[in-house]
2 protein chains.
Amino acid sequence: MDGRNGRAAGADRTPEGVGRAAWSKVDPASFDNVERGCTVIRMPGPIQSIERAAAILRLLASGARKMGVAELATALGLPKGTVRGILRTLQHVGFVEQSQDTGKYQLGAALFHIGSSYLDVNELRTRALNWSDSLAARSKESVRIGTLHEGQVLVVHHVFRPDNSSQVLEVGALLPAHASALGKVLLANDPLDQLDDAGLVGFTPATCTDPERLREMLAEVRARGWASDVEEMVEGEVSVAAPIRDRRGVTVGAIGISGPIERLCGMTGEDARTPRVELVSYVREAARAISRDLGAIPW
Amino acid sequence: MDGRNGRAAGADRTPEGVGRAAWSKVDPASFDNVERGCTVIRMPGPIQSIERAAAILRLLASGARKMGVAELATALGLPKGTVRGILRTLQHVGFVEQSQDTGKYQLGAALFHIGSSYLDVNELRTRALNWSDSLAARSKESVRIGTLHEGQVLVVHHVFRPDNSSQVLEVGALLPAHASALGKVLLANDPLDQLDDAGLVGFTPATCTDPERLREMLAEVRARGWASDVEEMVEGEVSVAAPIRDRRGVTVGAIGISGPIERLCGMTGEDARTPRVELVSYVREAARAISRDLGAIPW
DNA sequence: GAATGCCGTTCGACAATGTCGTACGCCGGT
DNA sequence: ACCGGCGTACGACATTGTCGAACGGCATTC
């Protein structure tokens with residue numbers, strides 16, 4: 001029997017279970033006490049209840065709707081009673097809320113507030129605030145700053161295009177890394193190769209879903225110092241991005257602009273699918289300016 | 001000794017402890033197993049470790065800087081080892097990150113992303129997106145939508161003023177309820193009296209810090225259906241807000257505009273400290289429109 | 001209208017689990 | 001060189017979280 005979770009027979013049956021089996025494959029550094037089968041000595045392992053609570057929160061966040069106890073329980077492969085206990089606690093601390101009529105659960109306001117404080121701590125975002133505004137003004141396009149998070153691009157800042165059109169705020173959203181300029185810059189400059197070959201979903205005909213070709217593109221991105229995405233995520237939309245580095249020279253994020261292909265690309269022949277040079281310059285200058293703020297050696 | 005936490009002698013010593021003593025005063029419905037002293041039978045209480053994890057996250061969110069294990073441990077009145085175990089778990093699920101050099105902890109990206117999904121679930125915000133844009137266009141001022149959360153105003157949406165000035169995004173921020181139009185609307189229409197007399201801090205000379213006078217103001221706000229704040233939080237800044245109600249008629253949020261006193265108020269005599277009538281109309285119309293979207297009976 | 005199925009909820013016993021205290025190695029200040 | 005403080009590791013104890021079964025309400029079905 002498993003040294004830690006011998007009791008949770010129900011959990012180990014389901015592959016998506018949040019029993020001890022779940023994270024051992026997620027964390028490469030953890031001991032594989034599950035493969036071995038039984039009697040691992042005793043490791044200072046993660047706390048079971050907290051991991052399960054986190055899994056519940058993730059589930060509630062992914063499904064953009066309210067979920068019931070039974071739904072969560074089956075999804076996690078846990079007994080209802082257990083899930084209910086965790087939910088009660090999460091509700092108690094304000095991380096989830098319960099609809100009074102349906103009895104279903106959803107994310108809570110406290111979690112939202114705590115999560116948004118991440119932006120205050122995030123040095124990248126703090127330092128980038130000024131420069132992103134000026135980039136938006138110069139380029140007249142919307143500006144986004146992103147960071148690599150589990151193989152995807154986490155948007156930590158978003159400046160709307162300076163016209164009066166209504167735009168949705170994307171802060172906190174996750175973008176696909178292989179189909180956005182931000183993502184390509186981040187992937188290309190990331191020390192550990194986070195490129196997930198299986199995750200190369202196609203959004204448009206222009207999306208690059210071939211791992212090999214993508215790696216070539218990333219090499220080029222790394223060499224020239226900026227990346228573009230021409231209708232690879234959304235038809236008619238183009239984005240350009242450049243890396244932001246910190247004092248040690250490692251890429252901690254990326255800044256980029258995005259907008260309609262008519263405005264961002266040239267008008268004739270081959271240029272019709274190439275971002276305009278002055279916009280690329282703006283982006284790269286902004287990225288360099290922020291990097292300098294973060295202490296990177298100007299190069 | 002305390003029935004549940006008898007072992008945690010260290011926790012009970014500190015007033016801010018996260019032992020069982022902490023939440024019993026927060027949750028009015030919970031049994032006061034602490035006052036009684038000892039041997040409460042056994043209640044389906046909140047899960048200890050999760051509560052503690054939440055407390056750690058709150059602490060990390062409040063102090064806008066990285067914190068160490070010892071710092072957190074003393075603040076919570078818990079032994080270092082315990083705090084470290086929880087932190088390791090939180091780090092494992094991505095809710096906190098650890099600086100590789102200093103060893104201190106800060107909030108993690110995963111928590112931020114999960115928290116921001118709250119906005120997708122929040123029906124108030126979803127329905128209010130369109131109307132807030134048009135309110136910003138009509139009033140030419142920045143628009144905020146807020147909800148009452150633990151006696152403060154949680155900003156769930158923010159539309160920048162439609163000029164090109166650089167503004168900070170306030171989504172996720174908490175505003176004082178007694179010194180903002182949004183807050184006053186929410187307090188005035190809240191079923192349970194969340195007004196905290198002790199929390200009436202003064203920001204400017206105009207801030208109302210007298211509970212009695214504030215209650216009178218709230219009664220007036222309730223009667224006339226909108227609230228204003230004239231330099232009560234920030235000198236020179238004025239805000240106007242109106243309540244958003246759902247189908248049952250309860251106030252679920254508030255929408256309002258804010259801007260410099262020169263633009264929002266009249267120019268002469270008594271009007272100099274009264275919001276202009278057309279702006280008030282815009283705000284109230286927007287609030288009514290959203291309420292209608294939420295299913296409120298048009299009145 | 002009764003029966004059925006599903007849901008959220010409650011409860012109590014078991015033992016696995018989280019907690020606690022002590023001890024280690026390391027760094028920076030004195 | 002000493003000391004204090006930090007983040008970290010480990011092991012024993014019994015408290016605590018987990019589990020499964022049972023309860024009552026609600027909507028749908030026959």
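Within the model, atoms CD1 of B:I114 and CZ of A:F112 stand 14.0 Å from one another, a figure rounded to the nearest 0.5 Å. To the nearest 0.5 Å, the span separating CG on B:L124 from CG on B:L294 amounts to 6.5 Å.
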Please evaluate residues B:V153 and B:L174 with respect to the criterion side chain to side chain contact (heavy atoms under 4.5 Å, CB included), reporting the C-alpha separation (whole Å), side-chain torsions for both, the decisive distance (0.1 Å), and the verdict.
CA-CA 5 Å; B:V153 181; B:L174 285 174; over 6 Å; no

The test is side chain to side chain donor-acceptor pair (under 3.5 Å); show your working for B:T102 and B:K66 and say whether it passes.
CA-CA 9 Å; B:T102 63; B:K66 304 170 184 179; 5.5 Å; no

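At a cut-off of 3.5 angstrom, counting only N and O atoms as typed in the model, there is a donor on one side and an acceptor on the other between the side-chain of A:K80 and the base of C:dG8.
One can place OH of B:Y105 at 8 Å from P of D:dG7, the figure rounded to the nearest angstrom. The distance from atom CD of A:Q100 to atom P of C:dT9 is 12 Å, rounded to the nearest whole Å. Taking atom CG of residue A:L76 and atom P of nucleotide D:dT18, one finds them 12 Å apart after rounding to whole Å. Across the protein-nucleic acid pair, A:L87 atom CG and C:dC7 atom C1' stand 14 Å apart, rounded to whole Å. When rounded to the nearest whole Å, the span between NZ of B:K66 and P of D:dG7 equals 13 Å. Atom CZ of B:R52 is separated from atom C1' of D:dT15 by 11 Å (rounded to the nearest Å). Look at NZ on B:K104: it is 10 Å from C1' on D:dG5, rounded to the nearest Å. One atom, CZ of B:R88, and another, P of C:dC20, lie 15 Å apart when rounded to the nearest Å.
Across D:dC19, C:dG18, D:dG7, the shortest atom-to-atom separation from the side chain of A:T82 is found for D:dC19. Listed candidates were D:dC19, D:dT18, D:dT8. Nearest to the side chain of A:L78 is D:dC19. Checked against C:dT9, D:dG17, C:dT10, the side chain of B:Q48 finds its nearest nucleotide in D:dG17. Listed nucleotides C:dG21, D:dT8, C:dG18 differ in distance to B:P79; the shortest reach to its side chain belongs to C:dG21. Closest approach to the A:A70 side chain among C:dG8, D:dG20, D:dG17 is made by C:dG8 (side chain taken as heavy atoms from C-beta onward). Set against C:dT9, D:dG17, D:dA9, the side chain of A:V69 has C:dT9 as its closest nucleotide.
Comparing the C1' positions of C:dA15 and C:dT19 gives an interatomic distance of 16 Å, to the nearest angstrom.
Using a 4.0 Å heavy-atom cutoff across all strands shown, B:E71 reaches no nucleic acid atom at all.
Proximity of A:V156 to A:V171: side-chain heavy atoms (C-beta onward) are nowhere separated by under 4.5 Å.
Where A:R84 and A:I50 each meet DNA chain C at their nearest nucleotide, the meeting point lying more 5' is that of A:R84.
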